[in-house]
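Structure, as structure tokens:
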Amino acid sequence: MAEYATACQIPSKISLLEVIRFVEKADQYDCYIVIEANQISINAKSLLSMCVLVSGIIKGPVTIRTSGVDAKKALVAMERLFSLPLGSERIDAAAGVDVPSA
């Protein structure tokens with residue numbers, strides 16, 4: 001089974017809504033997705049685990065690891081979500097959430 005990894009930067013402020021969108025996106029892939037930092041490993045498909053990001057315990061650089069059927073596609077999608085500015089419509093579109101027009 002192939003495993004992929006990439007380094008990303010977690011934004012200094014991340015909201016619960018953004019974490020929910022991230023988890024929803026992660027759930028779309030048939031693979032295991034883990035976020036690692038400071039000797040902590042978080043299941044990206046678990047909302048409870050991902051709430052650690054909202055608490056601010058994990059900040060700065062992280063490693064995203066994927067393994068499984070959709071591992072490479074999932075890694076690209078997860079990396080893209082972290083690289084987009086928070087609160088932007090681009091994050092909403094990347095997460096597959098419809099954004100109401102103003």
Side-chain angles (χ1 to χ4, degrees):
M1 184 179 308
E3 181 176 303
Y4 300 94
T6 189
C8 289
Q9 182 76 22
I10 291 205
S12 58
K13 293 183 181 182
I14 187 166
S15 73
L16 180 57
L17 181 58
E18 289 158 334
V19 168
I20 290 169
R21 290 177 180 154
F22 189 93
V23 171
E24 287 174 346
K25 185 67 174 178
D27 279 338
Q28 294 176 5
Y29 296 95
D30 185 17
C31 66
Y32 187 63
I33 305 170
V34 179
I35 298 173
E36 298 174 339
N38 305 330
Q39 300 177 344
I40 297 173
S41 186
I42 302 169
N43 179 353
K45 293 185 176 185
S46 167
L47 181 56
L48 184 59
S49 294
M50 290 291 288
C51 284
V52 170
L53 299 180
V54 177
S55 71
I57 292 173
I58 296 178
K59 296 178 184 173
V62 298
T63 299
I64 300 175
R65 293 191 189 284
T66 60
S67 62
V69 177
D70 291 341
K72 192 162 189 161
K73 289 170 64 176
L75 185 68
V76 170
M78 299 300 102
E79 182 180 29
R80 181 169 179 245
L81 286 176
F82 273 135
S83 67
L84 296 174
L86 292 178
S88 73
E89 290 184 15
R90 291 179 9 185
I91 280 187
D92 298 330
V97 176
D98 293 330
V99 179
S101 49

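Keep in mind it's a predicted model, so treat the numbers as computed, not measured.
Applying the salt bridge (charged side-chain N to carboxylate O under 4.0 Å, His left out) test to every pair with at least one member in residues 65-75, sequence neighbours left out, gives these pairs: Glu3-Arg65, Glu36-Arg65. Pairs of residues two or more places apart, or lying in two chains, never qualify as salt bridge (charged side-chain N to carboxylate O under 4.0 Å, His left out) while including a residue from residues 39-56.
Contact between Ala5 and Thr63 at its shortest, heavy atoms only, is CB-CG2, 4.1 Å. Nearest heavy-atom pair, Pro61 versus Ala37, reported as atom, atom and distance to 0.1 Å: O-CB, 3.9 Å. Between Cys31 and Gly68 the shortest heavy-atom distance is CB-CA, 3.8 Å. Here the shortest heavy-atom pairing between Ala71 and Thr66 reads O-OG1, 2.9 Å.
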| task | Step by step, work out the side chain to side chain contact (heavy atoms under 4.5 Å, CB included) result for Val62 and Cys8. | result | CA-CA 5 Å; Val62 298; Cys8 289; 4.1 Å; yes

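A distance of 12.0 Å separates CD1 of Ile35 from CD1 of Ile40, quoted to the nearest 0.5 Å. Once rounded to the nearest 0.5 Å, the distance linking NZ of Lys25 with CG of Asp27 reads 11.5 Å. Separating the CG atom in Leu53 from the CZ atom in Phe22 is a distance of 8.0 Å, to the nearest 0.5 Å. Distance check: Leu81 CG to Glu24 CD gives 11.0 Å after rounding to the nearest 0.5 Å. Between atom CZ of residue Arg80 and atom CG of residue Leu75 there is a gap of 14.0 Å, rounded to the nearest 0.5 Å. How far CD1 of Ile14 is from SG of Cys51: 10.0 Å, rounded to the nearest 0.5 Å.
Qualifying side-chain hydrogen bond (donor to acceptor under 3.5 Å, both in side chains) partners for Ser67, counting only residues two or more places apart in sequence or in other chains: none. Scored by the side-chain hydrogen bond (donor to acceptor under 3.5 Å, both in side chains) test, Thr6 finds Glu79 as partners (sequence neighbours excluded). Remark: Val52 engages Ile42, Ser55, Ile57, Ile58 in a side chain to side chain contact (heavy atoms under 4.5 Å, CB included) (not counting sequence neighbours).
The hydrophobic cluster containing Val34 also includes Tyr32, under a criterion of side-chain heavy atoms closer than 4.5 Å among ILVMFWY residues, counted directly or through chains of members.
Following chains of ILVMFWY side-chain contacts shorter than 4.5 Å, one cannot reach Met78 starting from Val76, and the two form parts of different hydrophobic clusters. Linking Ile, Leu, Val, Met, Phe, Trp and Tyr whenever their side-chain heavy atoms come within less than 4.5 Å puts Ile33 and Tyr4 in one cluster. Residue Met50 is grouped with residue Val54 when hydrophobic side chains (ILVMFWY) are merged at heavy-atom distances under 4.5 angstrom, including chains of intermediate members.
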